[in-house]
Amino acid sequence: MVRLAGPQLLGFLQLQLLKEIQRALRDYFSPTPYSMGRSSSKSSLQFWLLLAASVVLSAMVISLFLKVVKVMIYLLLVLVLVPIIYLALKKAVATFRNPNTKLKTRD
């Protein structure tokens, strides 16, 4: 089984959605002899259009949500790592100091 990630999955879903919309439009404009007329085709078309709109809108909302979560995690990690790196650098600088590295006083 092949796993699709991010943009590949979205592209695959868009392709499937376009195929379903094409089928619904084809059914709408060329009803079969056994269909119940335009009213059932019209409701089928409305269903597929609403489904397509809901899929696209939900994909956009999920994408936006994931971007916001990514930024929040980035900021959280920065806030957690800043004090740790600061203390490590402060300790490293203190180990390099010796009496010869101090500035001399002016006479």
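Both backbone and side-chain heavy atoms feed into the values below; hydrogens, waters and symmetry mates do not.
Crowding of Glu20 atom CD: a count of heavy atoms from other residues, nucleotides or ligands under 6.0 Å exceeding 12.
Judged by distance alone, with hydrogens and angles left aside, the side-chain atoms of Ser54 form a donor-acceptor pair with the main-chain N or O of Leu50 at under 3.5 Å.
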Enumerate donor-acceptor pairs with a distance under 3.5 Å from any side-chain N or O in residues 67-90 to protein atoms, sequence neighbours excluded.
none

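Val56 and Ile21 fall within the same hydrophobic cluster, defined by Ile, Leu, Val, Met, Phe, Trp and Tyr side-chain heavy atoms under 4.5 Å apart, directly or through other members.
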